[in-house]
Structures are given as C-alpha cells and as structure tokens.
Amino acid sequence: MEFDQLIKRINELSRKSKTEGLTYEEKAEQTELRNQYRSLVVGNLSSQLNTMKIQYPDGSVKDVKKRPE
C-alpha cells in the first residue's frame with residue numbers, strides 16, 4: 001500500500017472509531033496499518049540518520065552511527 005493511501009485509510013478508520021465504532025476486523029486492520037506506518041517512519045528515519053554527518057567546531061566530521069545497546 002502506498003504511503004498516502006496508508007495514511008488515508010488510517011484516518012478513515014480513526015474517524016469511524018470515534019463516530020460509529022469499529023468491528024473486530026476493522027480494529028485488526030487498524031492495528032496492522034499503524035504497525036506498517038511505524039515501520040515505514042522508522043525505516044525512513046534510520047536511512048536519513050545513516051547518511052548524516054556531524055561537523056564539530058574543530059572542523060572534524062564524523063558519521064552518525066547506531067549506538068550499541
């Protein structure tokens with residue numbers, strides 16, 4: 001599903017849940033769509049951070065790297 005369509009469907013389900021309520025299937029769909037959205041956002045942010053560099057006042061440049069857990 002395309003990102004814009006994903007957001008549109010999430011918003012439709014959100015509006016419906018506030019007015020009419022959702023069926024079990026719609027609640028499951030809403031949860032799945034929200035998980036897909038989170039996954040896309042985290043992946044996008046991660047790829048942006050992988051290309052980011054920090055320049056320090058002394059002129060040195062370092063890559064942003066994932067912290068060890």
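Here the structure is a predicted model, which means the values were calculated and not measured.
Closest heavy-atom contact between S47 and N44: OG-O, 2.9 Å. Contact between Q48 and T51 at its shortest, heavy atoms only, is O-OG1, 3.0 Å. Closest of all the heavy-atom pairs between D63 and K53 is OD1-NZ, 2.5 Å.
Annotation: the span from N11 atom CG to L6 atom CG amounts to 9.5 Å, rounded to 0.5 Å. Taken to the nearest 0.5 Å, the CD1 atom of I10 stands 8.0 Å off from the CD atom of Q36. If you take CD on Q5 and NZ on K8, they are separated by 8.0 Å, rounding to the nearest 0.5 Å.
Linking ILVMFWY side-chain heavy atoms closer than 4.5 Å, directly or via other members, places I7 and L22 in a single hydrophobic cluster. One hydrophobic cluster, built from ILVMFWY side chains closer than 4.5 Å, holds both Y56 and V64. Under the 4.5 Å side-chain heavy-atom criterion for grouping Ile, Leu, Val, Met, Phe, Trp and Tyr, V42 is not connected to Y37 through any hydrophobic cluster.
Put simply, the side chain of T31 gets close to the backbone of K27: a donor and an acceptor are under 3.5 Å apart.
With E26 as reference, K16 is the one residue of K16, E12, E20 to meet the side-chain contact (heavy atoms from CB on, under 4.5 Å) rule.
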Working note: L33 + Q30, criterion side chain to side chain contact (heavy atoms under 4.5 Å, CB included); need CA distance, chi angles, decisive distance, verdict.
CA-CA 5 Å; L33 293 174; Q30 185 181 43; 5.8 Å; no
